[in-house]
Amino acid sequence: MKAMSPLEELRHSCSHILATAILRLYPDTQLDIGPPTENGFYYDVDLEKKLDASDLEAIEAEMKKVIKENQKFERIECSREEAITKIKSIGQERYKLGRLADIPEGEPISFYQNGEFIDLCAGSHVGYTKKVKAFKLLSIAGAYHRGDENNKQLQRIYGTAFGSKEELEVYLERLEQARARDHRKLGRELKLFHIDEAVGSGMVLWTPNGAIIRQELQSFIAEELRMADYEQVFTPHIGKLGLYRTSGHFPYYKESQFPPIVEPGTVEHLAESGCSCGELSNQLDSGEIDGYLLKPMNCPMHIKIFDSQPHSYRDLPVRLAEFGTVYRWEQSGELNGMTRVRGFTQDDAHIFCTEEQVGQEIQGCLDLVKLVFNTLGMQDYRVRIGLRDPDSSKYVGDAAKWDKAEAALREAAQTLEVQFVEEPGEAAFYGPKIDFVVKDVIGREWQLGTVQVDYNLPERFKLSYIGADNEKHRPVMIHRAPFGSMERFCGVLIEHFAGNFPTWLAPEQVRILPMNDDLVPQAREIEKLLKAAKIRVTVDAVADKLGAKIRKTHLDKVPHMLVLGKREAEEGKVQVKSRANPSLEGVKTPAEFMSELLQTIADKTLPESESAEAGS
RNA sequence: GCCGAAGUAGCUCAGCUGGUAGAGCAAUUCAUUCGUAAUGAAUAGGUCGUCGGUUCGAAUCCGAUCUUCGGCUCCA
């Protein structure tokens, strides 16, 4: 067990103080575990009473008493037999005996005691409870014992603790500020997207402003793909069920899909012959009835495009790209703004290549992902290699193919010049993958860019090409999506920029603020000039004072504004004020500003200032 | 899907123990023509998520349901 940092130690101790208080208030409680986390700690408890916010207050009050008593934390080491006796004597056998059994033979077994409270615990802890100078209980949530949904759901109490009150306040303040850049809040305020009950949960409606951002991102990637020798394709939103039986989607990921669509008359016909819904379902499973599936992935259709013609090794790699919209039945509790939805568009592509080309092609994909992240100034990501979980049966294909694919990915990742971690169980059902993972404003991780190596689907679809030896060979597939999905990527991007987009992405790039009505015609002339250069520009012709117009432009997060007053007008100039690129500021002619701005757009220049500042 | 919380005007929210709704901002209209983050006044806007129940009477109490939020599980 690795050593705890002083802060982790403090928080871990605070979770013991929490448990101490809970046992005082609810002596029947059975405790599970209470570790420190990245931003605080929690304790999982099993008690009859459903805790609510007012109970948290009472528990906090009791915790303060425990701290005031300044109890000493003492380590008690003992043998396994003694530990069993001790756990029984304190009446905590329901979970603690299982936790004790987890400790490998030969490892030391220890308890920690503070006051009347004793807990099986490896440590470490602060010396005395008074060391915990500042803490706060934050929320209650359900959490399955050992994270297994077949187990009982316990009540998890989350809290955080710091060495001083000031640090706690700074943390709570930061939390508050982070929420101000939440993409769901900014999405509404800046009119970027809308989710409507009447359309359905997890279905994103891209409103005009958001659509501009998406369009710009798509144009950007499409241009890069052209240069990297990808070919554009289009495919429909549904396909025959049989296609997905072949790919493995239908049997293997049935629970994550919308149910099949059957042909007109099928249901009525079956009903007449007295067929039950269960039988219908069985017949769909067995293939007696063929329906259609809303596509959960684009790959089977791209495979069919590849397979529509014979291929020579000279043709490879074939790279087929599509902004393909897919639909997945995500659990209702998982839906989240734009970052977890039921219908989304991937910037998808599938590369069909020879085994020798795999390394180089993965490299090309990783370069593309890195280019995307660099262009947008997203440096705060981690790289994960998702491997199969050896104990699970949810994967297609044999072990040898998986080993080959995993080795290819690992090798490519090593040349990436970023640190990566390998995580078993994170693979796709047809192959391992390299994922680029970022955090949202409240610390949740989301997978964006992904590169996946697949030896299995070519096998299932019996793909082939003719090699130099005039024999048939099996190509290897690479699935890749630098953004992941447009929805999730934009959600994360909104938070990354706190709504202050670089000029090339901003829905409104320039706003002209004429000082009074007389100057509106002149403002319209400038607007016309900029519009002719495809700049997204508006004129604020409302009879407000300048201060009000400036304020509104700031709140709308428009990157550049042109103030047009009498002074400027007489010289044929405008005053440039720029949130995004202060270096553009100054009094200059519209033509001068325009050429500088066009350069900024062409270069995809990032905002110069740290635009983390959120809202008013 | 599970645990918990919440749904009142476009947005943010108030409405105590039941007597059929209110503020600020936004919107609209009028006046103001103004020099760097809010000019003033007036007007309009809600079957209180939905359905059902209790009651003389429900935003308020009860039940169901939908949606959202925080977790858990899941995640191709």
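Here is how names work: the chains are called A, B, and so on, in the same order as the sequence lines, proteins then strands, and each is numbered from 1.
Taking 3.5 Å as the limit, the base of B:U36 and the side chain of A:K577 contain a donor-acceptor pair of atoms between them. With hydrogens and angles ignored, no donor-acceptor pair under 3.5 angstrom links the side chain of A:R156 to the base of B:C3.
Residue A:R184 places at least one side-chain N or O closer than 4.0 Å to OP1 or OP2 of B:C69. Considering only side-chain N and O atoms, A:K394 lies under 4.0 angstrom from the phosphate OP1 or OP2 of B:C75. OP1 or OP2 of B:C72 has at least one side-chain nitrogen or oxygen of A:Y158 nearer than 4.0 Å. Residue A:R444 places at least one side-chain N or O under 4.0 Å from the OP1 or OP2 atom of B:G71. Contact annotation: A:R188 does not reach the phosphate of B:U68 (side-chain N/O to OP1 or OP2, under 4.0 Å). Residue A:N336 places at least one side-chain N or O closer than 4.0 Å to OP1 or OP2 of B:G70. Put simply, A:S139 has no side-chain N or O that comes within less than 4.0 Å of OP1 or OP2 on B:G70.
Nearer the 5' end of RNA chain B, as judged by each residue's closest nucleotide, is the contact made by A:G337, out of A:E149 and A:G337. Between A:L335 and A:I550, the one whose closest nucleotide on RNA chain B sits nearer the 5' end is A:I550.
Considering only side-chain atoms of A:N516, the nucleotide from B:U33, B:A37, B:G71 that sits closest is B:U33. Proximity note for A:R551 (side chain, C-beta onward) versus B:A38, B:C74, B:G35: the nearest is B:A38. Distances were taken from every side-chain heavy atom of A:S332 (C-beta onward) to each of B:G35, B:G1, B:C2; the shortest belongs to B:G1. Distance from the side chain of A:S201 is smallest to B:U68 among B:U36, B:G70, B:U68.
Because its NZ or CZ atom is both nearer than 6.0 Å to the ring centre of A:Y42 and within 45° of the ring axis, A:R156 counts as a cation-pi partner of that residue.
Summarising the geometry, the separation between CD on A:Q331 and P on B:C3 is reported as 13 Å, rounded to the nearest angstrom. B:G70 atom P lies 16 Å from atom CD1 of A:I140, rounded to whole Å. Separating the NZ atom of A:K49 from the C1' atom of B:C3 is a distance of 15 Å, rounded to the nearest angstrom. In this structure, the CG atom of A:L51 is 21 Å from the P atom of B:G70, given to the nearest Å.
Residue A:K549 is classed as having no contact, given no heavy-atom separation below 4.0 Å to the nucleic acid. Residue contacts shown for A:E330 are absent, as no nucleic acid heavy atom lies under 4.0 Å away. Among the atoms of the strands shown, only primed sugar atoms or phosphate atoms (P, OP1, OP2) are found under 4.0 Å from some heavy atom of A:I442. A:Q346 comes within contact range of no nucleotide atom at all, as no heavy-atom separation falls under 4.0 Å. Residue contacts shown for A:G547 are limited to sugar-phosphate atoms, with no base heavy atom under 4.0 Å away. Among the protein residues, A:G565 comes within range of the nucleic acid bases, having at least one heavy atom under 4.0 Å from a base atom.
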Base versus backbone protein contacts along nucleotides 42-49 of chain B [heavy-atom cut-off under 4.0 Å; B, S, -]: --------
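Ion pair A:R319/A:E361 flagged as a salt bridge, since at least one NZ, NE, NH1 or NH2 atom sits closer than 4.0 Å to an Asp/Glu carboxylate oxygen. Under a 4.0 Å N-O distance rule, the pair A:K549/A:D544 does not qualify as a salt bridge. In this structure, A:E423 pairs ionically with A:R382, as a charged nitrogen and a carboxylate oxygen lie closer than 4.0 Å. A:E592 and A:K573 are not joined by a salt bridge, as no carboxylate oxygen comes within less than 4.0 angstrom of a charged side-chain nitrogen. Using a 4.0 Å cut-off between charged side-chain N and carboxylate O, A:E459 and A:K401 make a salt bridge.
The shortest heavy-atom contact between A:V396 and A:N456 is O-ND2, 3.1 Å. Considering all non-hydrogen atoms of both residues, A:L293 and A:F258 come closest at CD1-O, 3.6 Å.
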Could you pull out all donor-acceptor pairs under 3.5 Å where a side-chain atom in residues 139-147 of chain A meets a protein atom, sequence neighbours excluded?
| from | atom 1 | to | atom 2 | distance (Å) |
| --- | --- | --- | --- | --- |
| A:H145 | ND1 | A:D32 | OD2 | 2.8 |
| A:R146 | NH1 | A:D102 | OD2 | 2.9 |
| A:R146 | NH2 | A:G98 | O | 3.3 |
| A:R146 | NH2 | A:D102 | OD2 | 3.1 |

Dot-bracket encoding of pairs in RNA chain B, which uses [ ] for pseudoknotted crossings and | for another strand, Watson-Crick or G-U under 3.5 angstrom: (((((((..((((.....[..)))).(((((.......))))).....(((((..]....))))))))))))....
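The local environment of NZ in A:K240 is sparse, with at most 12 non-hydrogen atoms from other residues, nucleotides or ligands closer than 6.0 Å.
For the residue pair A:T235/A:K304, the side-chain donor-acceptor check at 3.5 Å is not satisfied.
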